Each structure stands twice: as C-alpha cells, then as structure tokens.
Amino acid sequence: MTPPSQDLSPRTFRIGLALVLLLAAALRLAFPAADPPWTTTVGVVWHDEGAWVHNARNRALFGAWTADAWNPMYIAPVFTGLEYASFRLLGVGVRQARLVSELCGLASVWLLALGVARVGGRRAGLIAAGLLGTHYVYVMWNRAALMEGPMVAFMVAAWYCYARAQTAPRWGLGAAAAALLAFFTKASAAFFVAILGLDALLAILGVFSIGSMRSTTYRKDECPPWVVGGLIGGGILALGLFVAPNWDEYRFYNWQMSVTRKPSY
C-alpha cells in the first residue's frame with residue numbers, strides 16, 4: 001500500500017476520478033446506435049443483442065414476458081430485468097438497450113477505483129480506473145446490449161464490498177448479494193461466486209484468506225461469516241423465488257441450451 005505521505009490527497013483523487021469517469025462516459029455513450037466494431041480482438045457476437053433483450057422487449061411492448069419459444073430470461077433474469085427497466089422508462093430501442101451496459105460499465109470503473117484506493121492507495125485507485133475506463137475491448141463490450149458488461153459490473157461491486165468488509169464486516173453481505181446478482185446476470189460468473197465462498201470459508205476455518213489484503217487472516221467473527229451466510233441465504237432465496245418455480249425452463253436454458261448443445265457447433 002502506498003505510504004500516506006506519498007499518496008494523492010482526497011481532493012486530487014476526487015478530481016482525477018471525475019475526469020476519468022467523464023472520459024469513460026464519453027467513450028461509452030458517444031454515438032450509442034453506431035455499428036459495432038468487427039475486429040476479432042473484441043470478439044463480441046453483436047447480432048445477439050436483439051435476442052438477449054427479447055423478453056424485456058416483449059414485456060415493455062405487449063405486457064407479457066413470454067411470447068414465443070425463445071426465453072433468455074431464464075438464463076439472465078437480472079439482465080432481463082434491467083433491460084425492462086430501461087425500456088419502461090425510456091421506450092424500446094437500441095439506444096435504450098445499450099444504456100444498461102453503458103451505465104454498468106461506468107459503475108464498474110467507479111467502484112474499482114474506490115476499492116483499489118481502499119486497499120492500495122488513492123494513486124493506485126486512479127490508475128486502475130483509468131486503465132479500465134479506457135480499455136478498448138472492455139469499452140466495446142460496454143457499448144453492447146449483452147450480459148457480459150453488467151455481469152462484470154456486479155463482480156466488481158462484490159469485490160468492492162469484500163474490500164470494505166475488512167473494516168466493516170457487514171459489507172460481506174453486500175459482497176455475497178452482488179456475486180449472486182452477477183451469476184443471475186450470466187451464469188459464467190459461477191466461478192466468481194465459488195471462489196468468493198471458498199475464500200470466506202477457508203478464513204472461517206483459519207486456513208488462510210486468498211482475498212485478504214492484510215497480513216493476518218480474518219477473525220471468525222469478522223467478514224467471512226457474513227459472506228458465507230449471504231451466499232447461502234441469497235442462494236436459498238433465489239432457489240425458492242426463481243429457480244424452483246421455473247425449474248423446467250431454467251434447466252432447459254441453462255443446461256440443454258448452454259452446455260449440452262454447445263459442442264455441436
């Protein structure tokens with residue numbers, strides 16, 4: 001961690017972060033309906049935008065989530081809900097659809113800066129924000145109406161809460177909630193949920209703490225119980241309210257569509 005005497009002042013950090021966020025916003029919000037880049041370095045499946053906002057569009061236009069046999073809301077319910085909120089407030093269109101990822105991208109830049117500043121100093125936080133805010137591939141993903149941008153934003157939010165939990169343990173509950181939101185935005189975040197829970201569990205057992213930014217492990221009455229409890233409680237809540245009532249569709253879209261079918265193409 002940067003010694004306080006060599007670090008940026010709070011005022012300088014705030015001004016620098018504001019400038020970085022303005023630049024990041026310009027890169028994400030300029031020409032929002034522009035055609036996406038075709039370069040292979042980005043690797044975005046751009047024609048998927050309409051397919052993934054399908055259920056949110058149905059709800060906004062016709063008052064029903066389900067209108068046919070394609071229902072990605074069972075893979076990405078959080079993303080679908082965010083898209084519906086955008087359509088409900090601003091109308092249905094490509095700009096409104098992409099706004100979700102654009103705003104989530106900005107939030108991830110801001111939270112990364114605050115988290116890194118907390119554990120590594122304000123100078124490091126500002127550098128981290130600058131790198132993430134201007135990274136070409138990440139910017140391009142943030143300009144698409146796809147799940148990856150919001151998923152990463154929730155993962156960054158979970159990490160930020162976990163960093164805050166070092167001094168305020170109850171932030172561990174926020175880390176668990178954000179991690180589960182990342183999973184229900186896109187199931188690829190399962191690895192993140194697993195490693196967060198494993199880190200907290202190992203800390204409770206007194207083995208070591210993978211994610212700890214301190215030289216000593218957490219005490220058992222600090223952050224890890226909040227993380228583990230939040231993951232278990234949130235998982236049970238999601239299971240009861242969303243997964244179990246829609247089990248056939250959830251299994252079909254998350255297993256048969258996303259796992260079993262992929263080797264065929």
Side-chain angles (χ1 to χ4, degrees), residues 43-44 52 72-82 100-101 103-116 118-120 125 128-129 131-133 135 137-138 141-142 144 146-166 169-205 207-214 217-218 222-239 242-243 250 253-255 258-259 262:
V44 179
W52 287 105
M73 65 180 178
Y74 295 112
I75 305 176
V78 173
F79 177 73
T80 300
L82 292 174
V100 171
S101 292
L103 294 180
C104 285
L106 285 175
S108 66
V109 173
W110 176 58
L111 290 174
L112 183 70
L114 297 182
V116 173
R118 178 170 291 273
V119 301
L131 291 173
L132 188 65
H135 190 277
V137 175
Y138 190 60
W141 276 101
N142 286 168
L146 297 172
M147 303 97 68
E148 285 77 6
M151 176 191 71
V152 171
F154 281 120
M155 291 167 63
V156 173
W159 175 81
Y160 167 74
C161 290
Y162 204 34
R164 288 289 305 264
Q166 294 181 71
R170 293 188 181 184
W171 278 87
L173 193 61
L180 289 172
L181 287 172
F183 174 77
F184 283 104
T185 299
K186 186 175 182 181
S188 299
F191 77 92
F192 182 81
V193 178
I195 201 64
L196 181 68
L198 178 62
D199 178 61
L201 183 60
L202 291 176
I204 291 174
L205 297 176
V207 180
F208 60 87
S209 183
I210 299 171
S212 175
M213 300 299 177
R214 303 183 299 182
T217 57
Y218 292 106
E222 290 184 330
C223 167
W226 289 96
V227 175
V228 174
L231 289 175
I232 294 174
I236 292 173
L237 191 64
L239 181 65
F242 176 71
V243 176
Y250 184 82
Y253 283 99
N254 285 273
W255 182 254
S258 301
V259 179
K262 282 190 175 179

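The structure presented is a predicted model; accordingly, all values stated were derived computationally and were not measured. We're numbering straight along the sequence, starting at 1.
- Here the shortest heavy-atom pairing between Val116 and Ala128 reads CG2-CB, 4.0 Å.
- Partners of Val152 under the side chain to side chain contact (heavy atoms under 4.5 Å, CB included) rule, at least two apart in sequence or in another chain, are Tyr138, Val156.
- Interatomic distance, Trp159 CH2 to Leu111 CG, rounded to the nearest 0.5 Å: 9.5 Å.
- Rounding to the nearest 0.5 Å gives a distance of 7.5 Å between CE of Met73 and CZ of Phe242.
- Within the 4.5 Å cutoff, the side chain of Trp110 has no heavy atoms near those of the Leu132 side chain.
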Do Leu114 and Tyr160 pass the side-chain contact (heavy atoms from CB on, under 4.5 Å) test, and can you show the C-alpha distance, the side-chain angles, and the key distance before you say yes or no?
-> CA-CA 7 Å; Leu114 297 182; Tyr160 167 74; 3.6 Å; yes
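- Remark: side-chain polar atoms of Asn254 are paired, donor with acceptor, to backbone N or O of Tyr74 under 3.5 angstrom.
- At least one donor-acceptor pair under 3.5 Å links the side chain of Ser101 to the backbone N or O of Ala144.
- Under the 4.5 Å side-chain criterion, counting only non-hydrogen atoms from C-beta, Cys223 is in contact with Val227.
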List the steps and the verdict of side-chain contact (heavy atoms from CB on, under 4.5 Å) for Met151 and Ser188.
-> CA-CA 9 Å; Met151 176 191 71; Ser188 299; 4.1 Å; yes
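- The two residues Tyr250 and Val243 come nearest to each other via the heavy atoms CD2-CG1, 3.7 Å.
- Taking every heavy atom of both residues into account, Ala158 and Ala179 meet most closely at CB-N, 3.7 Å.
- Expressed to the nearest 0.5 Å, how far NE2 of His135 lies from CG of Asn142 amounts to 11.5 Å.
- At least one side-chain heavy atom of Val100 sits under 4.5 Å from a side-chain heavy atom of Pro150.
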side-chain contact (heavy atoms from CB on, under 4.5 Å) between Phe154 and Val78, worked out = CA-CA 11 Å; Phe154 281 120; Val78 173; 3.8 Å; yes
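- Between Met147 and Trp52, the closest side-chain pair of non-hydrogen atoms falls below 4.5 Å.
- Here the closest heavy-atom approach between residue Ala163 and residue Arg118 is recorded as O-CD, 3.9 Å.
- Atoms CG and OG1, on Leu146 and Thr185 in that order, are 13.0 Å from each other to the nearest 0.5 Å.
- With sequence neighbours excluded, the residues satisfying side chain to side chain contact (heavy atoms under 4.5 Å, CB included) with Val228 are Ala200, Ile204, Ile232.
- Qualifying side chain to side chain contact (heavy atoms under 4.5 Å, CB included) partners for Ala129, counting only residues two or more places apart in sequence or in other chains: Leu17, Val20, Val109, Ala113.
- Here the CG atom belonging to Leu180 is positioned 10.5 Å from the CZ atom belonging to Phe192, to the nearest 0.5 angstrom.
- Residues Ala153 and Ser108 come closest through the heavy atom pair CA-CB, 3.9 Å.
- Rounded to the nearest 0.5 Å, atoms CG (Leu173) and SG (Cys161) are 9.0 Å apart.
- The shortest side-chain heavy-atom distance between Trp226 and Trp171 does not fall under the 4.5 Å cut-off.
- With contacts defined as side-chain heavy-atom distances shorter than 4.5 Å, the pair Val119/Gln166 qualifies.
- Here the closest heavy-atom approach between residue Gly172 and residue Ala165 is recorded as N-CB, 3.6 Å.
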